[in-house]
Amino acid sequence: MSTAFSADVSGRTIDVEIQPATQYSPPVLTIRQQAGSFQLHADPEQLAELEYKLRTFLDGIRYPESPDQQAILNHEMKPSIEEEIA
């Protein structure tokens, strides 16, 4: 059986939940949005594959560079350390 679903939830708030496996069903990934919900019943290996694909996609997005907090701290502390040595 082959089924295709499409839903545009971009720009809307979603709620994502994973219900653990039970004796009668595999884990269930639920994505809820104002208009309805989608449930994916999948084996843990399939959920792991989904996680891998999502992480690979997100790792490929170039986020704006955020300042390196350790470099900022080092830059702020350097003058005070030099004053104490002198």
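- Looking at residues two or more places apart in sequence or on another chain, you find a side chain to side chain contact (heavy atoms under 4.5 Å, CB included) between S10 and D8.
- Counting non-hydrogen atoms of neighbouring residues, nucleotides and ligands closer than 6.0 angstrom, the CD atom of Q34 reaches no more than 12 such neighbours.
- In this structure, T13 has no side-chain hydrogen bond (donor to acceptor under 3.5 Å, both in side chains) partners at least two apart in sequence or on a different chain.
- Residue V16 is found in a hydrophobic cluster whose other members, listed by chain and number, are F5, V9, I14, I18, L29, I31, F38, L40, L47, L50, L54; membership requires side-chain heavy atoms under 4.5 Å apart, directly or through intermediates.
- Looking at R32 and E17, their side chains come closer than 4.5 Å, going by heavy atoms from C-beta outward.
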